[in-house]
J.: 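There's a structure below that I have some questions on.
For ligands, and for the atoms within them, numbers begin at 1 and follow the listed sequence. Sequential numbering from 1 along the given sequence is applied to the chain's residues.
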Amino acid sequence: MNVLLIGSGGREHALAWAISASPLLGHFYCAPGNPGIGEIAELVQLDVKDHAAVIDFCRMAQIAFVVVGPEAPLVAGLADDLKLAGIKVFGPSKAAAQLEGSKGFTKDICARVGIPTAAYGRFTSREAALAYLKQHPAPIVIKADGLAAGKGVTVAMSDREAREAVEVIFEGRFGAAECVIEDYLEGEEASFFALCDGVNAVQLGTAQDHKRVGDNDTGPNTGGMGAYSPAPVMTADLCNEAFARIIVPTVRALNEMGMPYVGVLYAGLMITQSGPKLIEYNVRFGDPETQVLMMRLKDDILTLMLAACDGTLDKISVRWHADTALTVVMAAKGYPGDVVKGSAIRGLDLARSQEGVEIFHAGTALRGDQLVASGGRVLNVTALGATPQQAQRRAYAAVDAIDWPEGFCRRDIGWRAIARHG
Ligand code: AMP
């Protein structure tokens, strides 16, 4: 079957890498893609906000299946429009994508069906939010409602910081002036993935990422500087608990609300003293978590995605390599602030010829034949290893083979997994 993948980041390159190995694949397109994806798929320029144009292209290129990488097109209803046009699509409807698009929507479902999460209040007025803060001193967490590209959350350690975060939201900096204020949860964070077909769900592995830009988890937050899978903190018992108490009731609730969830459901969890609690849902694969998940997946990703769309996940089990996968993000100097674009990157062939290594592109471009940096997060240097240590050693050996003086990376990705492994 002909497949169209939508997106251009490291996540999409990892998905493209897995899809390109599928025996079901006919011609493979990606819009807009990146130079790494361009080695395995035909890149097309499409305005994904123009749903009619996407549908026209699908008809013209006889696309039987569309895979949507990022959240924005899902929240904008691209999956609904493709489905209406008779085109099969992996990714939830606009209604179900509210799980990521609206923190209040998710919190209300959690409260209604008893999903473990932080206690919260939901506010549409500055005064009410500030009054709530008087009753709930710091530490406390303030979240803008709506997609804020991960920037709408303040973990306030002082009352002043909490009040300031509320003021910023009600100045309208994140669009709609609405916020959720929730209790601060203490514990270790982990990402937990499930594949859902509207009624059934199957577990799809675990990962942990490193959000801060600097070694020892210092400096500002980023989109993610590295990740590894599995997350050692997620024992089989904890996975089963998170699945039974968080994922399954969510899928049931959405189905009962008439908005069955189809796609990958990515739960950001806090593993607290009293078990896993939901911090947030994402309605798509994580970036850079997908880079490590795809390296460990033994089964055909297209078969799994199609089963999600066809409602046949009850007949599917997913097999994984026991190895650890670890990815190191190489970013342009200055990230997450302003970066200089256009610097040349060399040595990728040597780096990826090393055992167990794959390199997924994110912000890269071609200038003639020369690969150059074109964004903040640029490359995902990913390796499999029998242990977290081996995966880390292999990934950094590959990083060191890359000749890109204008790039940088953290040197401690995986420290928590390595510490736990002994
Ligand atoms: P979110 O966008 O909801 O995932 O929040 C971004 C980050 O803020 C999370 O990855 C956590 O590190 C932190 N965070 C969010 N909610 C809480 C909470 N209730 N308690 C502690 N930390 C939180």
J.: Is there at least one pair of N or O atoms, one from Glu182 and one from ligand 1, spaced under 3.5 Å apart?
T.: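 Between Glu182 and ligand 1 (N or O atoms, distance only) the closest approach is under 3.5 Å.
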J.: Closer than 4.0 Å to some heavy atom of Met270 - which atoms of ligand 1 meet that?
T.: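 Under 4.0 Å from Met270, ligand 1 has these atoms: 21 (C), 22 (N).
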J.: Can you list every pair that meets salt bridge (Lys or Arg N to Asp or Glu O under 4.0 Å) and has a residue in residues 194-205, with sequence neighbours left out?
T.: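 Every candidate salt bridge (Lys or Arg N to Asp or Glu O under 4.0 Å) pair involving residues 194-205 fails, so no pair, neighbours aside, qualifies.
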J.: Only heavy atoms count here, so choose which of Lys143, Glu189, Glu100 is nearest to atom 11 (C) of ligand 1.
T.: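 That would be Glu189.
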J.: Please check this pair: side chain of Tyr132 against backbone of Phe123, looking for a donor-acceptor N/O pair closer than 3.5 Å.
T.: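 The answer is no, because no donor-acceptor pair under 3.5 Å joins these two groups.
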J.: Can you confirm, on distance only, whether ligand 1 has an N/O atom lying under 3.5 Å from any N/O atom belonging to Val153?
T.: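 Not met; the criterion fails.
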J.: Do Lys333 and Glu406 sit within salt-bridge range, that is, some charged N less than 4.0 Å from a carboxylate O?
T.: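 Salt bridge absent between Lys333 and Glu406.
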J.: Please identify which of these residues, Glu71, Glu289, Glu100, meets the side-chain hydrogen bond (donor to acceptor under 3.5 Å, both in side chains) condition with Tyr266.
T.: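 When Glu71, Glu289, Glu100 are each tested with Tyr266, the side-chain hydrogen bond (donor to acceptor under 3.5 Å, both in side chains) holds only for Glu289.
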J.: Please could you name the atoms of ligand 1 that Ile279 approaches to less than 4.0 Å, counting only its heavy atoms?
T.: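 Per the distance check, 3 (O), 4 (O), 15 (C), 16 (N).
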J.: Looking only at heavy atoms of Asn221, does any of them come nearer than 4.0 Å to an atom of ligand 1?
T.: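 In this structure, Asn221 fails to qualify as a contact of ligand 1 - no heavy atom is under 4.0 Å.
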J.: Please could you name the atoms of ligand 1 that Lys103 approaches to less than 4.0 Å, counting only its heavy atoms?
T.: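 Per the distance check, 1 (P), 2 (O), 3 (O).
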J.: Using every non-hydrogen atom in the two residues, find where Arg410 and Arg212 come nearest and quote the distance to one decimal.
T.: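 That closest heavy-atom pairing would be NH1-O, 2.9 Å.
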J.: Numbering the atoms of ligand 1 from 1, which are under 4.0 Å from a heavy atom of Leu185?
T.: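 Near Leu185, the atoms of ligand 1 are 18 (C), 19 (N), 20 (N), 21 (C).
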J.: Are Thr106 and Glu280 side-chain neighbours, meaning at least one heavy-atom pair lies under 4.5 Å?
T.: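 Counting from C-beta outward, Thr106 and Glu280 never come under 4.5 Å.
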